[in-house]
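Have a look at the structure below before the remarks.
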Amino acid sequence: MRIRFHFRWIPFVVMLLLVALGVSLAQWQQRRGDEKVARAARLEAGNLAAPLALTAAPMLPSDAQAIEYRRVTVTGHFVPAWTVYLDNRPYKGQAGFHVLTPFQIDGSAMHVLVAQGWLPRNNAERTRIPDYPTPAGTVTISGIARLNAGHVMELGTAPALAPHAIVQNADIAQLAQASGLALQPFILEQTVEGATAPASGQLPVRDWPAPDLGADKHRGYAFQWYALALMAFLFFVFTGFRRANKQP
């Protein structure tokens, strides 16, 4: 008995599209997983390395990438006049803001943008910012270098950055342009080390979320997309043989 195959163009084209889609999305998930693995390695290396003393020398974006997750110390003073507040940053289920304040590096005109911590939102008066201390004068602070302050979904046109503005997102380059301040190309998430740290229960809260390192999740998604591509191909082959061999 001769086995026949019934070829049809439309199912063939649909199969090719599904296979291409599945393979493309699987490879994208694999790349995302590889990025998470590399991020985990940088985080571990940053935790093991000695703190980096930040100077006023301007950094390139590539320099900032090299020190991401590195512990950093810097001496200078805060510039609270250009503090901005990032909205929609919940903490333990409570709505609130992240406080971003430029910090002028001692003896220079260079600044680094410091995420001072989290503040709760006043549910009755959304734009009311709770009182919190920002040290005056020359201080030394510590923190973790991050490339940005994170991004949340934003509908409509973003308002212009201004002193003490409440915004959804704040890009370092945009803040530098709006304020006229020279800013290093990374953000310092201030930690609780040092005499300037708030006591327990005081504001701002400096309990930063750990980076998402779920590489295994992306590998699982990649497997599912590869499986979809394989199923589309096998279904095309199976139905082609089945139709052909049902014909008299």
Side-chain angles (χ1 to χ4, degrees), residues 31-32 34-86 89 98-118 134-152 158 160-163 165 167-194 196-197 204 206 208-213:
R31 289 194 296 271
R32 291 281 290 154
D34 292 342
E35 291 172 2
K36 296 291 180 67
V37 170
R39 184 179 299 175
R42 293 200 306 272
L43 179 60
E44 182 179 3
N47 289 332
L48 294 175
L52 173 69
L54 183 63
T55 68
M59 284 190 176
L60 298 174
S62 57
D63 299 325
Q65 291 177 354
I67 67 166
E68 187 179 19
Y69 304 123
R70 183 85 178 265
R71 291 178 295 159
V72 175
T73 62
V74 58
T75 299
H77 64 271
F78 283 99
V79 185
W82 260 100
T83 295
V84 296
Y85 303 95
L86 301 186
R89 269 38 179 208
H98 281 175
V99 184
L100 294 184
T101 304
F103 186 90
Q104 186 170 354
I105 300 173
D106 196 28
S108 76
M110 180 59 70
H111 300 72
V112 61
L113 192 57
V114 175
Q116 289 197 66
W118 177 88
T134 296
T138 301
V139 294
T140 298
I141 63 172
S142 301
I144 303 297
R146 298 295 301 269
L147 296 181
N148 54 64
H151 191 277
V152 299
L161 287 174
V167 295
Q168 302 293 321
N169 301 290
D171 181 81
I172 297 174
Q174 292 174 338
L175 186 57
Q177 182 178 10
S179 65
L181 300 176
L183 290 171
Q184 297 284 19
F186 67 92
I187 286 173
L188 196 63
E189 286 185 348
Q190 191 174 357
T191 51
V192 297
E193 298 95 347
T196 61
R206 292 175 188 153
W208 301 106
D212 178 14
L213 302 177

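Given the structure is predicted, the values throughout are model-derived calculations rather than measurements. Along the sequence shown, residues carry numbers from 1.
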key: Chi angles and distances behind the side-chain contact (heavy atoms from CB on, under 4.5 Å) call for Q177, L161   = CA-CA 9 Å; Q177 182 178 10; L161 287 174; over 6 Å; no
ask   = Considering all heavy atoms of both residues, which atom of Q116 and which atom of T134 are nearest to each other, and what is their separation?
value = NE2-OG1, 3.3 Å
key: Worked verdict on F78 versus T83 for side-chain contact (heavy atoms from CB on, under 4.5 Å)   = CA-CA 9 Å; F78 283 99; T83 295; over 6 Å; no
task = Indicate yes or no: at least one non-hydrogen side-chain atom of I144 is less than 4.5 angstrom from one of T191.
result = yes
message = Treating D106 as the side-chain partner and H77 as the backbone partner, does any N or O pair qualify as donor plus acceptor under 3.5 Å?
response = no
query = Looking only at heavy atoms, which two atoms of V84 and A170 are closest? And how far apart?
reply = CG2-CB, 4.5 Å
query = Hey, does the side chain of Q184 reach the backbone of A57 with a donor-acceptor pair shorter than 3.5 angstrom?
reply = yes
task = For the residue pair M110 and Q104, establish whether any side-chain heavy-atom pair is separated by less than 4.5 Å.
result = no
request  = Determine yes or no for a side-chain-to-main-chain donor-acceptor pair under 3.5 angstrom, with H111 supplying the side chain and A182 the backbone.
outcome  = yes
key: Spatial distance of atom CG (N148) from atom CG (D171) [nearest 0.5 Å]   = 8.5 Å
task = Return the minimal non-hydrogen interatomic distance between S142 and T73, and the atom names on each side.
result = OG-CG2, 3.5 Å
query = Quick one: CG on L188 to CG on L100, what's the gap to the nearest 0.5 Å?
reply = 11.5 Å
query = Do V112 and L183 come close enough that some side-chain heavy atom pair is under 4.5 Å?
reply = no
remark   = Tightest non-hydrogen contact, residues A145 and F186, listed as CB-CD1, 3.9 Å
ask   = Quick one: do the T75 and T140 side chains pair a donor with an acceptor below 3.5 Å?
value = yes
key: Nearest-0.5 Å distance, CD of residue E189 to CZ of residue R71   = 15.0 Å
remark   = Closest non-hydrogen contact found for W208 with A115 is CZ2-O, 3.2 Å
request  = Return yes if some donor-acceptor pair links the side-chain N/O of R206 with the main-chain N/O of W118 below 3.5 Å, else return no.
outcome  = no
query = Looking only at heavy atoms, which two atoms of I172 and I187 are closest? And how far apart?
reply = CD1-CG1, 3.8 Å
